[in-house]
Amino acid sequence: MSLPEELRARAVRLRADLERYAHAYYVLDAPLVPDAEYDRLFSELEALETSHPELASADSPTQRVGGAPLEGFREVAHRLPMLSLANAFDDEAVQAFDRRVREGLAAAGRDPEAAVEYSAEPKFDGLAVSLTYIGGVLAVGATRGDGHAGEDVTANLRTLPAIPLRIDTDRPRLEVRGEVLMRRRDFERLNAIQRERGEREFANPRNAAAGSLRQLDPRITAGRRLFFYAYAVADEDMDSLPARGHGALMDWLAGLRFPVSAERARVRGLDGLLAYYRGIGARRDALPYDIDGVVYKVDALDEQRTLGFVSRAPRFAIAHKFPAQEALTELLDIEVQVGRTGALTPVARLAPVFVGGVTVTNATLHNEDEVRRKEVRIGDTVVVRRAGDVIPEVVGVAPDRPRGSGLFVMPDRCPVCGSAVSRPEGEAIARCTGGLFCAAQRKQALLHYASRRAMDIEGLGEKLVDQLVDGGRVRTPADLYRLDPQALAGLERMGEKSAANLLAAIEASRTRPLSRLVFALGIRNVGETTARDLARAFGSLQALGAAREEDLLQVPEVGPVIAQAIQGFFAEAHNREVIDALLAAGVAPRAEAVPPPGATPGASAIAGRTFVLTGTLPTLTRDEARALIEAAGGKVTGSVSRKTDFVVAGEEAGSKLERARELGVAVLDEAGLRERLGGQGQPDAPGGASD
DNA sequence: CAGCCTCGAGTTCT
DNA sequence: CTCGAGGCTG
């Protein structure tokens, strides 16, 4: 009854050979056998496993074609967090990194003048994953997720020919980390197929890789030709690894048949780092895959340990990013948009152009002066960049190209309502004087009123406001509270369900705190912060409306300009009418919670301190983090200065983190923040409670 | 009065 | 995120 031993041996042999051939073919690009021979062996193994199911095994190459679809992805906790790297955008930041490394190592007795040995490698533009091998067999493959827990994508990762299913090691457990990416050639091929099938093309290889890895059906992933490069080993006990340096560790992984970058190098000191960066930069376009920079790591593992970690990033490594990608395109037109305050903003309409991974068609030109400074004319070829890698920006006119002839002139009449345009002496911004007579301003005012930070009316977006205003159903925020299902019926994309949801959202907004209502009114120069201060100081809309200038000036942040704006707002008959109508419609702002008055100094690590948030935190949104800090009596501001007590940095933290370092401001990660928040509210001094 | 610190406002794309 | 400008401080 027991299976003939020779069949089992044959299966083992076939698997080993097929894996070796696949590695040679996909990873080394040097096939050992003809394709036909590979196919023959593959079929033999398949037949063997089908006729003897007890021979089947998760580490078999036959598994690479992908199994049955999953319902969803399981969450996997990372034993060691998957950290992100600090970024350097220029040579100075790299120099500072090298200096910090030498200083850090000097504390452990090393000569601070001696050049440090670094490993350098390309920074792949893909997705970080972790592969766990138990007893030499790939057991779990997970995405990075928030760094602490990711998604179990084992079934999908098994389909990648570049990832070994079984490795030759006696380590009971090995966790290898690396990047899943799609090479450009495979990306082109995939898009050609998508195009043929009339399906959506992917914007860039990174998106294609991400989309392919997150398929619930592994058979789809199998058809996508994803690749993998290993770049780290995660182990609590680095001493147990058979290598003392990062470079040697990568060599060891290569020996286990993991693909490792052929571009990696070991270099010495700052000069070595910068030379490597320039070398890779020059060859960037010739590489078979996209990269967005290079990564430097202190090579010696014991030195890495000495340096340790700051907040969520290792101190021994840094990513040196390439400058924001630029592209040339034609400036088709300059249109003028009208904002909530009537501000006229010139917007560049561009021939669609691919920059830094997305197609850009619009870019703000800020104001008239900006257009003049950049000397752009309609018809020009312009240089477009994604500033801070997000918001598109017209850098200027492309040199050596025929110039366009369309000179931009700020219109003297509002393009929406035809009112006069005024630009006060000394101000950069031209404004429509139409006020709420202007449909554009009315729409923007409504959108502002409904926005998340104001009255938070979910579902009231641009499309809907356009219809409501154009159809004459809504003129002021007060009109929103008079809407009923009939008024909404017949609008585009507005079924019964959506209508009910919208009405419920409007209903719910009646009891928002006073500070939000004050902000929602859209008084010039009164933003969120000032609105809150005003709400606290006056306690009701009536009191605010009746306030004398000298009372207003008592409020922090309020000077003569803002005091005037507030008085001017309430002096307008129209505004008083809207406020009366709002109150009559049942808008009843909740009384403001009184802030914890100063608390006892030192009673909390939060109260009275100033925080700046940057980057993406693992579990909190920016608003949530801010709410927690404010609830604990702390303050959140937007920019880092000497007065900042803490910078809370998440992933992809940029310039603010840099500035925090420059100024020596303390940096926390989310865990550090929670720790400090945790002390808050817990009576850690029993008997000392004063309430 | 200068310079710093904040706040407000506008904006892209998926 | 970045710019412009109001408010505050030395």
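Per chain, numbering begins at 1; letters A, B, ... match sequence-line order.
Residue A:T361 has no polar side-chain atom (N or O) positioned under 4.0 Å from OP1 or OP2 of B:dT12. Side-chain N/O atoms of A:T529 include none lying less than 4.0 angstrom from OP1 or OP2 on B:dT6. For B:dG10, neither phosphate oxygen OP1 nor OP2 lies less than 4.0 angstrom from any side-chain nitrogen or oxygen of A:Q337. In terms of phosphate contacts, A:T530 brings a side-chain nitrogen or oxygen within less than 4.0 Å of OP1 or OP2 of B:dG8. One finds a side-chain N or O of A:R340 lying less than 4.0 angstrom from the OP1 or OP2 phosphate oxygen of B:dA9. A:N362 has a side-chain polar atom (N or O) that falls below the 4.0 Å cut-off from OP1 or OP2 of B:dC13.
How far CG of A:L446 is from CD of A:E462: 12.5 Å, rounded to the nearest 0.5 Å.
A salt bridge is defined here as a Lys NZ or Arg NE, NH1 or NH2 lying under 4.0 Å from an Asp or Glu carboxylate O, and A:R532 with A:E528 fails to meet this definition.
Note: CD (A:E528) to P (B:dT6) measures 17 Å, nearest angstrom. Rounded to whole Å, atom C1' of C:dT2 lies 14 Å from atom CG of A:L365. Between the CD atom of A:E557 and the C1' atom of B:dC5 there is a distance of 10 Å, given to the nearest Å.
Residue pairs meeting the side chain to side chain donor-acceptor pair (under 3.5 Å) criterion with at least one partner in residues 407-417 of chain A, sequence neighbours excluded, do not occur; the list is empty.
Evaluation of the salt bridge (Lys or Arg N to Asp or Glu O under 4.0 Å) rule for A:K443 yields A:D466, A:D470 as partners, not counting sequence neighbours.
Looking at the side chain of A:T364, the nearest of the listed nucleotides B:dA9, B:dT12, B:dT6 is B:dT12. Minimum atom distance to the side chain of A:P560 is reached by C:dG7, of the listed B:dG10, C:dG7, B:dT12. Of the candidate nucleotides C:dG7, B:dT12, B:dA9, B:dT12 has the atom lying nearest to any side-chain atom of A:P392.
Contact annotation for A:E370: no contact, since no heavy-atom pair falls under 4.0 Å across all strands. Residue A:I562 is classed as a sugar-phosphate contact, given heavy-atom separations below 4.0 Å to backbone atoms only.
Between A:T637 and A:T345, the residue anchored closer to the 5' end of DNA chain B is A:T637, taking for each the nucleotide with the nearest heavy atom.
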